[in-house]
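First the proteins, then the strands, lettered A, B, ... as listed; each starts at 1.
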Protein chains: 2
Amino acid sequence: MVNSRFSVAIHILSLIATTSDKSLLTSDFIAGSVNTNPVVVRRMIGVLKKAGLLSSHSGMAGYELLVEPKDLTLLAIYQAIDGPEQLFAIHDEPNPACAVGQKIKHTLEGVYTSVWLAMEEQLQAQTLQDVLDQLRT
Amino acid sequence: MVNSRFSVAIHILSLIATTSDKSLLTSDFIAGSVNTNPVVVRRMIGVLKKAGLLSSHSGMAGYELLVEPKDLTLLAIYQAIDGPEQLFAIHDEPNPACAVGQKIKHTLEGVYTSVWLAMEEQLQAQTLQDVLDQLRT
DNA sequence: ACCTGTTGTAACTATTATAGTTACAGGTGC
DNA sequence: GCACCTGTAACTATAATAGTTACAACAGGT
């Protein structure tokens, strides 16, 4: 995929998890750490909030996690940001009159599903807490 | 990633592998099966040729595989088309003055590497021959 | 030698996604 | 009231993807 939304989401959640003084947690402060625009942060936080991962109050600084870091898998974060559910696209409408064209879509779907499941397994095996532990070392 | 280059490459290689009358194998014919433009096919074939997966002769119809389908892993195909070597990008220059910003890049790289390796393992486990077998059923 | 059909490429276009930005309405609490 | 914040809409810049046009060079048949 190669966009940075997942990285930004993990960065934001890590900041919220490790900042004890919640009044510091403004979109501006977070944007400073991520090195992006506050609006980008607020947009991402809106998505994470909709997914039930954190809470916020309009007009008031401070975000709070609604899930314990040890219970928050990276897969859950990935799904929260609504990342693509496939790694590879399949070209549109291969020619059904051709023996290969007719079957290739179904075949590729099978291949890609197995790859996808392996990836999900990895993301499921790691939690935000694992990330926090590595940030400390 | 979510582009269809990998799918198109596998489709092209499958066609070449299953078409016995090589004189049929023109970029136009292949484009008809893939449902795209002949130039897109020739471009992709140029890449696969550079990687040593097939041969072609300018001005002459007919492509030939240079690797046995059973020896051609999907990973080799993926590497041949020079697909991205990462699934997730990391945002540029997180703030080094911040405890999280300072370490997040290295941490995420570790996470993403484990995911990437799991994906490679899946692609390594399947060959073009496996694809051909599924196309026949 | 010529003609037809092919490959190999360069160059351009259209479409889409990503990220960044500006702007502003509305909430919060001092 | 004021300073500061969130939530969002709207716009822009940039880049990637795929499709397209165009053409030089090559092969093989007649």
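Note on ring orientation: taking the six-membered ring where Trp is involved, the planes of B/F6 and B/Y78 are perpendicular (angle over 60°, cut-offs 30° and 60°).
The separation between A/I90 atom CD1 and D/dT17 atom C1' is 17 Å, rounded to whole Å.
At a cut-off of 3.5 Å, with distance as the only test, no side-chain donor of A/T127 or A/K70 sits close to an acceptor on the other residue. Counting only N and O atoms by type, the side chains of A/T36 and B/H91 include no donor and acceptor under 3.5 Å apart. For the residue pair A/Y112/B/S7, the side-chain donor-acceptor check at 3.5 Å is satisfied. With no hydrogens or angles considered, a side-chain donor-acceptor pair links B/S114 and A/Q126 at under 3.5 Å.
In the helix from C/dA1-D/dT30 to C/dC30-D/dG1, the end axes, each obtained as the rotation axis mapping the C1' atoms of four pairs onto the next four within a five-pair block, lie 10° apart to the nearest 10 degrees.
Here the side chain of A/T19 pairs no donor or acceptor atom with the backbone of A/D21 at under 3.5 angstrom.
Contact check of residues 26-33 of chain A against DNA chain D (heavy atom, cut-off under 4.0 Å) returns A/T26, A/S27. Of the residues in residues 8-15 of chain A, none has a non-hydrogen atom less than 4.0 angstrom from any atom of DNA chain C.
Distances were taken from every side-chain heavy atom of B/M60 (C-beta onward) to each of D/dA27, D/dG19, D/dT17; the shortest belongs to D/dA27.
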Distances under 3.5 Å between protein N/O atoms and the N/O atoms of nucleotides 8-13 of chain C, please, pair by pair.
from	atom 1	to	atom 2	distance (Å)
C/dG8	OP1	B/K49	NZ	3.0
C/dG8	OP1	B/S56	OG	2.4
C/dG8	N7	B/R42	NE	2.7
C/dG8	O6	B/R42	NH2	2.9
C/dT9	O4	B/R42	NH2	3.4
C/dA11	N6	B/R43	NH1	3.2

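Checked against side-chain hydrogen bond (donor to acceptor under 3.5 Å, both in side chains), A/T107 has no partners two or more places apart in sequence or in another chain.
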**Message:** For B/L65 and B/L128: C-alpha separation, side-chain torsions, deciding distance, then whether side chain to side chain contact (heavy atoms under 4.5 Å, CB included) applies.
**Reply:** CA-CA 11 Å; B/L65 287 188; B/L128 182 59; 4.1 Å; yes

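Counting only residues at least two apart or in different chains, salt bridge (charged side-chain N to carboxylate O under 4.0 Å, His left out) contacts with residues 125-137 of chain A comprise A/D133-A/R136.
Using a 4.5 Å cut-off between side-chain heavy atoms of Ile, Leu, Val, Met, Phe, Trp and Tyr, with links allowed through other members, B/L15 and B/L72 fall into the same hydrophobic cluster.
Under the side-chain contact (heavy atoms from CB on, under 4.5 Å) rule, A/T113 has a single partner from A/L117, A/V115, A/V111, which is A/L117.
Nearest approach of A/S14 to B/I104, heavy atoms of both residues: OG-CD1, 4.3 Å.
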